[in-house]
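Bear in mind the structure is a predicted one, so any value in this text is a computation, not a measurement. Counting starts at 1 for both ligands and their atoms, in listed order. Throughout, residue positions are numbered sequentially from 1 according to the sequence presented.
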Amino acid sequence: MEELSHWIDGARVAGKSGRFADVYNPAIGEVQARVPLASKDEMDDAVARAAKAQRAWGATNPQKRARVMMEAVRLINRDMDKLAEKLSSEHGKTFVDAKGDVQRGLEVIEFCIGAPHLLKGEFTDSAGPGIDMYSMRQPLGVVAGITPFNFPAMIPLWKMGPALAGGNAMILKPSERDPSVPLMLAEIFQEAGLPDGVLQVVNGDKDAVDAILDSPVIQAVGFVGSTPIAHYIYHRAAETGKRAQCFGGAKNHMIIMPDADMDQAADALVGAGYGAAGERCMAISVAVPVGEGTAEALRERLVPKIEALKVGPYTAGDDVDYGPVVTQAAKENILRLVESGVAQGAELVVDGRGFKLQGYENGFFVGPHLFDHVKPEMDIYRTEIFGPVLSMVRAASYEEAIGLAMDHEYGNGTAIFTRDGDAARDFAHRINIGMVGINVPIPVPLAYHTFGGWKKSGFGDLNQHGPDAFKFYTRTKTVTSRWPSGIKEGAAFNFKAMD
Ligand code: NAD
């Protein structure tokens with residue numbers, strides 16, 4: 001069995017704590033590697049080393065740092081298949097989807113090539129007599145990224161790119177479920193010219209995370225994961241005065257208006273609901289058809305599409321629609337929630353409970369499920385299931401439909417399917433959710449825009465990637481200077497206008 005490591009000062013370093021987590025191949029349900037779980041001492045040591053390396057990196061000019069990004073783009077493209085293969089084997093998603101995971105992270109590194117422009121300050125000439133005023137964006141020092149299992153390439157890259165291009169050193173604490181790809185990415189960045197110690201990948205669980213949160217050296221924490229942990233990290237990071245942006249879970253609604261193209265809406269729902277086995281924070285998990293006629297038309301189209309979904313291992317080729325979920329515990333949690341839906345009176349229209357795949361009986365596969373007549377008080381509506389389970393909540397009107405999405409505690413993504421521009425515009429304007437799709441089911445913004453949810457889907461300020469990420473991972477200093485120094489005004493005791 002492979003024994004994974006940390007990545008410290010540009011080399012793979014074995015864990016010293018004696019604690020490990022199993023890393024599975026979810027398609028066969030077998031442990032394929034184990035990953036060390038860092039102790040507080042190991043984390044503190046990695047942070048101290050990062051602080052040392054950051055001094056020279058922070059003083060390196062932005063263009064040179066951007067060139068490292070440029071080379072990393074080339075190398076990630078070179079290793080795309082290798083990265084995607086490893087990613088699929090630990091996460092379970094299909095090979096094509098794994099490539100998409102790498103690709104959407106890569107696009108943020110491409111954006112980071114423009115770091116010199118984003119890091120430019122502002123300048124006011126002659127703000128007063130002989131006085132100039134300018135601001136600069138400076139690195140924070142050592143910052144951290146704590147990332148979830150479901151995008152083991154994309155989200156680490158979203159964190160690493162802006163933090164490193166901004167002149168910081170980064171401690172990356174990836175998910176212990178699929179830690180290999182972040183380690184491979186660290187090697188790639190070293191090959192691209194990143195100095196040793198500037199990126200430390202420290203594997204671990206709560207102990208490692210708590211060591212990050214308590215570290216007086218770490219200045220900012222970018223977290224992505226479930227809402228209870230996001231909330232915990234936000235609180236605890238604030239106690240030690242850190243900057244924190246913590247993105248959490250989701251329950252994304254798609255509203256289908258009576259005038260929508262029903263075939264397009266059904267296709268969108270199947271892809272967005274079941275792709276990656278529903279293990280996406282932007283997955284659609286609630287369909288809200290407006291009117292009984294819409295609900296019937298949609299259901300009629302959805303059922304055969306869902307029943308025809310091909311579930312299998314990533315090794316079975318491109319026609320597999322989705323793979324296993326990440327762990328046996330995740331599978332059991334999904335099936336427990338399905339049982340609660342049945343018990344609480346929802347209609348289980350497509351029942352994936354008995355799903356078995358020949359030759360992969362021990363894999364963590366979950367068949368597709370569709371519930372109809374789901375009510376807002378049911379657990380399957382209130383909880384993020386994070387599996388291949390779509391719930392249909394019938395609404396009598398557009399107002400009722402938008403009200404459902406607005407009242408839900410999560411606010412990550414949402415979509416409306418309609419041909420009515422007025423309804424679409426009203427929806428985009430009024431909805432209290434961070435990312436909105438209009439006839440687009442998974443509205444993940446591109447690298448040069450920003451990504452972030454509202455309500456319990458995101459704590460803190462500023463979003464991920466785009467210009468916000470550079471603001472998050474740098475701080476502004478403003479300088480007021482007077483030249484020539486020969487101007488003599490005498491002592492000034494009062495604030496006054498500069499004139
Ligand atoms: P998770 O919260 O279990 O883990 C995320 C990270 O937190 C991991 O690195 C993990 O090691 C660490 N962690 C776990 N338990 C901890 C604890 N008790 N104390 C300190 N740290 C702890 O999330 P996950 O299961 O890996 O990922 C799935 C979740 O992430 C879903 O809720 C999904 O919606 C969410 N997610 C959100 C976004 C977003 O941008 N909003 C994006 C992707 C995933």
Side-chain angles (χ1 to χ4, degrees), residues 19 21 23 26 35-38 40 43 90-93 101 104-105 108 144-159 171-179 181-182 201-214 221-237 244-252 276-285 325-327 329-331 333-334 337 383-387 409-414 433-435 442-445 450-460 462-466 468-469:
R19 294 198 308 124
V23 178
V35 62
L37 302 174
K40 177 172 163 39
M43 180 61 80
E90 289 186 354
H91 177 286
K93 63 177 76 174
D101 188 329
R104 291 310 284 268
V108 169
I146 302 170
T147 55
F149 82 84
N150 68 325
F151 282 100
M154 181 181 85
I155 297 180
L157 287 167
W158 286 7
K159 302 289 170 212
I171 304 291
L172 178 68
K173 207 303 285 171
S175 170
E176 60 274 44
R177 314 238 179 283
D178 42 17
V181 169
V201 182
V202 186
N203 284 303
D205 56 4
K206 181 169 165 46
D207 285 3
V209 171
D210 287 348
I212 288 175
L213 298 175
D214 292 342
V221 181
F223 171 85
V224 182
S226 59
T227 287
I229 311 298
H231 192 242
Y232 165 75
I233 288 179
Y234 185 56
H235 259 250
R236 195 151 164 183
Q245 54 170 209
C246 302
F247 297 96
K251 195 78 180 175
N252 304 318
E279 289 178 322
R280 291 181 181 140
C281 67
M282 289 293 276
I284 293 288
S285 47
V325 296
V326 69
T327 55
K331 175 174 173 172
N333 186 47
I334 294 162
L337 280 158
T383 315
E384 179 185 46
I385 302 176
F386 227 50
E409 64 175 356
Y410 290 115
N412 211 40
T414 188
I433 289 174
M435 291 168 283
I442 305 190
V444 175
T450 72
F451 181 110
W454 291 13
K455 300 187 275 184
K456 288 201 173 152
S457 298
F459 304 94
L462 297 172
N463 280 349
Q464 306 190 80
H465 64 68
D468 269 17

Exercise for review: May I ask you to decide if G249's main-chain N or O and S457's side chain share a donor-acceptor pair within less than 3.5 Å?
Suggested key: yes
Exercise for review: For E384, enumerate each residue passing the salt bridge (charged side-chain N to carboxylate O under 4.0 Å, His left out) test, keeping only those at least two apart in sequence or located in another chain.
Suggested key: none
Practice item. Kindly state if atom 1 (P) of ligand 1 has a protein heavy atom within a strict 4.0 Å cut-off, that is, under 4.0 Å? Key: yes
Check your understanding: Is there a heavy atom of I155 sitting under 4.0 angstrom from any atom of ligand 1?
Key -> yes
Revision key, fill the gap. Residues L213 and A237: closest non-hydrogen pair is CD2-CB, 4.0 Å
Exercise for review: Indicate yes or no for a side-chain donor-acceptor contact from N203 to the backbone of P174 under 3.5 Å, with no hydrogens or angles considered.
Suggested key: no
**Study point:** Min N/O separation F149 to ligand 1 under 3.5 Å
**Key:** yes
Check your understanding: Quick check: does T227 get an N/O under 3.5 Å from an N/O on ligand 1?
Key -> no
Exercise for review: Could you tell me which atoms of ligand 1, counted from 1 in the order shown, lie closer than 4.0 angstrom to a heavy atom of S226?
Suggested key: 1 (P), 2 (O), 23 (O), 29 (C), 30 (O), 32 (O)
Point to revise | Donor-acceptor under 3.5 Å (K173 side chain, G204 main chain) | key: yes
Exercise for review: Give a yes or no on whether K456 atom NZ has more than 12 heavy-atom contacts from other residues, nucleotides or ligands under 6.0 Å away.
Suggested key: no
Check your understanding: Where's the contact between Q464 and ligand 1, heavy-atom distance under 4.0 Å: side chain, backbone, both or neither?
Key -> side chain
Check your understanding: Charged N to carboxylate O below 4.0 Å: is that the case for R19 and D207?
Key -> yes
Check your understanding: Which residue from E384, K206, M282, E176 reaches closest to atom 11 (O) of ligand 1 through any of its heavy atoms?
Key -> E176
Point to revise | Heavy atom of the protein closest to atom 21 (N) of ligand 1 (residue, atom name, distance) | key: V209 CG2, 3.4 Å
Practice item. State the atoms of ligand 1, each with its element, that fall below the 4.0 Å cut-off from a heavy-atom position in N150. Key: 43 (C), 44 (C)
Check your understanding: What do you reckon, does G225 have a nitrogen or oxygen under 3.5 Å from a nitrogen or oxygen of ligand 1?
Key -> yes
Check your understanding: Between V224, D205, I146, which one has a non-hydrogen atom sitting closest to atom 5 (C) of ligand 1?
Key -> V224
Practice item. May I ask you to decide if V444's main-chain N or O and R104's side chain share a donor-acceptor pair within less than 3.5 Å? Key: yes
**Study point:** Option of least heavy-atom distance to atom 16 (C) of ligand 1 (set: N463, N412, I229)
**Key:** I229
Exercise for review: Can you pull out the closest protein heavy atom to atom 36 (N) of ligand 1? Residue, atom name and distance to 0.1 Å, please.
Suggested key: C281 CB, 3.6 Å
Exercise for review: Decide whether the shortest distance between a heavy atom of F151 and an atom of ligand 1 is less than 4.0 Å.
Suggested key: no
Check your understanding: Is the gap between the ring centers of W158 and F451 under 6.0 Å?
Key -> yes
Practice item. Using side-chain contact (heavy atoms from CB on, under 4.5 Å) as the criterion, point out the one residue from D178, L157, I155 that pairs with T147. Key: I155
Point to revise | ligand 1 contact on F223 by region, counting heavy-atom pairs under 4.0 Å | key: side chain
Point to revise | Nearest neighbour in protein (non-hydrogen) for atom 27 (O) of ligand 1 | key: P148 CB, 3.3 Å
Practice item. Flag T147 as yes when one of its N or O atoms lies below 3.5 Å from any N or O atom of ligand 1, and as no otherwise. Key: yes
Review point. Which heavy atom of the protein is the closest neighbour of atom 28 (C) of ligand 1, given with residue, atom name and distance?
Key: F386 CE2, 3.6 Å
Practice item. Find all atoms of ligand 1 within a distance of less than 4.0 Å from any non-hydrogen atom belonging to K173, and give their numbers and elements. Key: 8 (C), 9 (O), 10 (C), 11 (O)
Check your understanding: Are side-chain heavy atoms of K159 and Q464 found at a separation under 4.5 Å?
Key -> yes
Review point. Do any N or O atoms from the side chain of N252 and from the backbone of S285 form a donor-acceptor pair under 3.5 angstrom?
Key: no
Check your understanding: How far is atom 40 (O) of ligand 1 from its nearest protein heavy atom, and which residue and atom name does that atom have?
Key -> F451 CE2, 3.1 Å
Exercise for review: Can you sort out the partners of N150 under side chain to side chain donor-acceptor pair (under 3.5 Å), two or more places apart, ordered by chain and number?
Suggested key: none
Practice item. Using non-hydrogen atoms of the residue, decide whether G248 is closer than 4.0 angstrom to ligand 1. Key: yes
